[in-house]
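Worksheet: the structure to be examined is printed underneath.
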Amino acid sequence: MNKFEWLYQFFSFSQTTPILFTQTIFWFFFILVLTGYLLVYRNHRRRNVYLLLVSLFFYFKTSGVFLILLLFTICADFTWGLLIHKTDSRLKKKFFLSMSVLINLALLAYFKYAYFFAKSISDISGEPIHYVNYFAMFTNTWFNTGFSIDRILLPVGVSFFIFQSLSYTMSIVTGN
């Protein structure tokens, strides 16, 4: 394998071989990140941009197209946060916060509980419920991923990043 093939593999996602903490490549990546951090840690903006980029890259290498979900959550709640911050109307603040909570909890419910609810209703009613994983359909169409559309995969850390994002918008409302 030449160096360009190795670089291509390093910067692309493999569903069969994601980066794991127990692999040598992870420790190489970790040392590379720490070295880069030592170069930028004194400059607040560079440090934040650097840590954001390496964090997104690491999430991509471990989770692939689920990075789209993470980016959507970040952008949506950042937008809701801006809207909350810019308005003086208490009613509008409540509305924007409600939208943030609704969207985040809907995403969480979809990825964590859709299969559970469908299976439970199917077991209770005796009728098979066939559901479609629309996220898988989207990624299969646009990113050629090959996910099964009849089951839902749970993204790594979905509960964590959704609740972190929710706490951001809630802290803007409370002023903390």
Side-chain angles (χ1 to χ4, degrees), residues 5-37 40-41 46-81 97 99-122 129-172:
E5 289 174 7
W6 183 86
L7 273 174
Y8 175 77
Q9 285 184 345
F10 184 73
F11 286 105
S12 61
F13 174 73
S14 171
Q15 204 168 344
T16 56
T17 58
I19 289 183
L20 302 174
F21 295 107
T22 57
Q23 296 173 329
T24 307
I25 191 74
F26 168 78
W27 293 105
F28 172 74
F29 176 71
F30 184 70
I31 290 168
L32 196 69
V33 169
L34 282 179
T35 304
Y37 183 79
V40 298
Y41 80 95
R46 283 188 193 151
R47 180 182 65 218
N48 287 345
V49 169
Y50 175 75
L51 289 175
L52 173 67
L53 293 176
V54 295
S55 297
L56 290 174
F57 177 73
F58 182 71
Y59 193 82
F60 169 72
K61 289 297 286 180
T62 60
S63 301
V65 294
F66 289 114
L67 178 65
I68 295 168
L69 179 64
L70 176 63
L71 290 173
F72 172 77
T73 305
I74 291 169
C75 292
D77 282 329
F78 182 75
T79 303
W80 293 122
L97 178 62
M99 291 305 298
S100 172
V101 170
L102 181 70
I103 290 169
N104 281 294
L105 293 183
L107 285 173
L108 191 62
Y110 175 74
F111 282 101
K112 288 197 82 158
Y113 303 112
Y115 180 77
F116 169 75
F117 287 129
K119 179 84 170 109
S120 297
I121 292 170
S122 177
I129 294 177
H130 300 286
Y131 58 92
V132 176
N133 183 344
Y134 293 102
F135 185 78
M137 284 179 66
F138 169 76
T139 59
N140 289 347
T141 302
W142 290 95
F143 301 104
N144 199 24
T145 54
F147 287 125
S148 172
I149 62 167
D150 60 346
R151 63 184 197 136
I152 297 175
L153 295 175
L154 185 63
V156 174
V158 68
S159 297
F160 175 77
F161 69 73
I162 283 180
F163 285 121
Q164 285 292 315
S165 194
L166 273 174
S167 72
Y168 166 74
T169 52
M170 288 179 188
S171 69
I172 291 174

* Asked: Do Tyr113 and Ser120 come close enough that some side-chain heavy atom pair is under 4.5 Å?
  -> no
* Mind listing the closest non-hydrogen atom pair of Arg47 and Tyr41 along with its distance? => NH1-O, 2.8 Å
* To do: Look up atom OG1 in Thr79 and atom CD1 in Ile74, then write down how far apart they are to the nearest 0.5 Å.
  => 11.5 Å
* To do: Calculate, to the nearest 0.5 Å, the distance between atoms CD1 and CG belonging to Ile149 and Asn133 respectively.
  => 8.0 Å
* Quick one: side-chain hydrogen bond (donor to acceptor under 3.5 Å, both in side chains) pairs with a partner in residues 146-155, sequence neighbours left out? -> Ser148-Asp150
* Asked: side-chain hydrogen bond (donor to acceptor under 3.5 Å, both in side chains) with Tyr168: which residues, sequence neighbours excluded?
  -> none
If you look only at distance, which donor and acceptor atoms sit under 3.5 Å apart when one is on a side chain in residues 49-56 and the other is two or more places apart or in another chain?
| residue | atom | partner | partner atom | Å |
| --- | --- | --- | --- | --- |
| Tyr50 | OH | Val33 | O | 2.8 |
| Ser55 | OG | Leu51 | O | 2.6 |

* Between atom CD1 of Ile129 and atom OH of Tyr115, what is the distance when rounded to the nearest 0.5 Å? -> 11.5 Å
* Min side-chain heavy-atom separation Leu153-Phe147 under 4.5 Å -> yes
* With sequence neighbours excluded, give me every side-chain hydrogen bond (donor to acceptor under 3.5 Å, both in side chains) pair touching residues 60-71. => none
* Asked: Looking at residues at least two apart in the chain, or sitting in another chain, which of them share a side-chain hydrogen bond (donor to acceptor under 3.5 Å, both in side chains) with Thr141?
  -> none
* Asked: Phe135: what forms a ring pair (Phe, Tyr, Trp, His ring centres under 6.0 Å) with it, not counting sequence neighbours?
  -> Phe66, Phe111
* Please identify each residue that fulfils side-chain contact (heavy atoms from CB on, under 4.5 Å) with Phe60, with sequence neighbours left out. => Phe13, Leu67
* Structure fact -> Residue set satisfying side-chain contact (heavy atoms from CB on, under 4.5 Å) with Phe163, at least two apart, ordered chain then number -> Leu105, Leu108, Ser159, Leu166
* Structure fact -> Nearest heavy-atom approach of Ser100 to Asp77 is OG-OD1, 2.6 Å
* Please list, chain by chain and in numerical order, all residues satisfying side-chain contact (heavy atoms from CB on, under 4.5 Å) with Phe138, sequence neighbours excluded. => Ile68, Trp142, Phe143
* Partners of Lys112 by salt bridge (Lys or Arg N to Asp or Glu O under 4.0 Å), sequence neighbours excluded? -> none
* Asked: In chain order, what residues pass the ring pair (Phe, Tyr, Trp, His ring centres under 6.0 Å) check against Phe29, with sequence neighbours excluded?
  -> Phe57, Phe58
* Only counting residues at least two apart or in another chain, list the ones meeting side-chain contact (heavy atoms from CB on, under 4.5 Å) with Ile25. => Trp6, Phe10, Ile19, Gln23, Phe28
